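None of these values were measured; they are calculated from a predicted model.
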Amino acid sequence: MMAALALGMGQRAEACSRVLYVGDDNLRIVGRSLDWKTPIPTNLYVYPRGMAKMGNSLPGSVTWTSKYGAVYAVGYDGGVTEGMNEKGLVVNGLFCKGTVYENDSTKNRPPMSLAMFPAWILDMCATTPEAVELIGAHNFNITGATFDGGTVSALHWGITDAEGRSAIIEFDHGTIKIYQGQDMPAMTNDPTYPEMKAIEAYWEKKGGTHTLPGTVSSPDRYVRAVFFDKNVEKTGDAALGVSIIRSILMNVSVPYTYTVQGEGNVSSTQWRSFSNIRDRLFYFDVVTNPGLFYIDLKKCDLSKGASVMKLDVSKSRDYVGDVTGRLYMSTPFTPMF
């Protein structure tokens, strides 16, 4: 799932989903759900460009100065789970069992914490090809905090840009596997992306109109996401588009408070986000809230030297619609390296 999860999740309790809706008039909306067994406080931060940052507190860690402003979803006020930058690049992190970031050849590379990895991509890249180049160079060694009595942070990432160029990034025992395509519609958790595509091919032959897998398992959620994403109406209207992708994501979400005993990839959905790339709108949908609200990046001051802004999601129960005006000046969050 995300960096928050990056922070707090591991081989034990997540089941996130990501779906890309492609409509008319260049409308693209990336929806994702975050699932976890216990509450994950997640606040929204807007960071301007031109900020000096570091990927870890360890000596020799990756450092950079942000080229682009962005909105981040930050779990526990300590780690970026996902976000969208001012160029329309979207990064989402989801749990992927079996992920191993390190091997003997990576251990002496510059340290990079999972708490900052998505921010690094959003800060430095305008497009998916740029992100692929940055990540593919592999001049870093990812590490992440363990939680819940030793839960390991195991993630893979979906990346989408304003032109629909997409990539899924997976780590296989220290080796980066990058799968690229145009408007890649869905990802969930495990198995790995090539295996998931094989499952998708099987269900394509079965049809889908009368038969679809209905459980909350990762492959079943993936198959439903792909089927409905291909078969819903296409529109250029942003409000209708977000309603459509929201309904698809609800179909592949896990009902609130529902869990499967002993199944590490299934936990109930806590929140959903929707990144309208074309219009630079970042929606947030807390399942215990009655409404859907969004931040308009076009209205935010992202210039160098501007203040970091924050939205306290714990106070958002009655928020509906544009909440850009509710952002307030904040100190940067403290990464949980």
State, without any angle test, whether [X] and [Y] hold a side-chain donor-acceptor pair at a distance under 3.5 Å.
{"X": "S17", "Y": "R221", "value": "yes"}
{"X": "N43", "Y": "Y76", "value": "no"}
{"X": "T334", "Y": "D77", "value": "no"}
{"X": "N26", "Y": "R278", "value": "no"}
{"X": "D220", "Y": "T215", "value": "yes"}
{"X": "E170", "Y": "Y193", "value": "no"}
{"X": "S166", "Y": "Q182", "value": "no"}
{"X": "W64", "Y": "D123", "value": "yes"}
{"X": "N141", "Y": "T106", "value": "yes"}
{"X": "T324", "Y": "D322", "value": "yes"}

Exercise. Quick one: ring-ring contact (aromatic ring centres under 6.0 Å, His included) partners of Y319, sequence neighbours excluded?
Worked result: F293

Problem set entry | For F140, all residues meeting ring-ring contact (aromatic ring centres under 6.0 Å, His included), sequence neighbours excluded | F117, W120, H138

Problem set entry | Atom NZ of K310: over 12 foreign heavy atoms under 6.0 Å | yes

Exercise. Between R280 and D296, is the closest basic N to carboxylate O distance under 4.0 Å?
Worked result: no

Exercise. Is D172 paired with K177 through a side-chain N to carboxylate O contact shorter than 4.0 Å?
Worked result: yes

Does the [X] side chain pair with the main chain of [Y], one donor and one acceptor, at a distance under 3.5 Å?
{"X": "R317", "Y": "V313", "value": "no"}
{"X": "R224", "Y": "N251", "value": "yes"}
{"X": "D25", "Y": "L27", "value": "no"}
{"X": "E204", "Y": "E200", "value": "no"}
{"X": "S243", "Y": "A239", "value": "yes"}
{"X": "T42", "Y": "I40", "value": "yes"}

Problem set entry | Under the salt bridge (Lys or Arg N to Asp or Glu O under 4.0 Å) test, residues paired with D183 that sit two or more places apart | R28

Seminar exercise, completed: dist K304:NZ -> T65:OG1 (nearest 0.5 Å) comes out at 7.5 Å

Problem set entry | From CA spacing to verdict: salt bridge (Lys or Arg N to Asp or Glu O under 4.0 Å), E86, K298 | CA-CA 8 Å; E86 61 181 295; K298 303 185 303 299; over 6 Å; no

Exercise. Stepwise, does the side-chain contact (heavy atoms from CB on, under 4.5 Å) test hold for I168 with M184?
Worked result: CA-CA 9 Å; I168 291 176; M184 297 169 77; 3.9 Å; yes

Exercise. Parallel, tilted or perpendicular: which fits the ring planes of F274 and Y283, with parallel below 30° and perpendicular above 60°?
Worked result: perpendicular

Exercise. Does the ring centre of F227 sit less than 6.0 Å away from the ring centre of W203?
Worked result: no

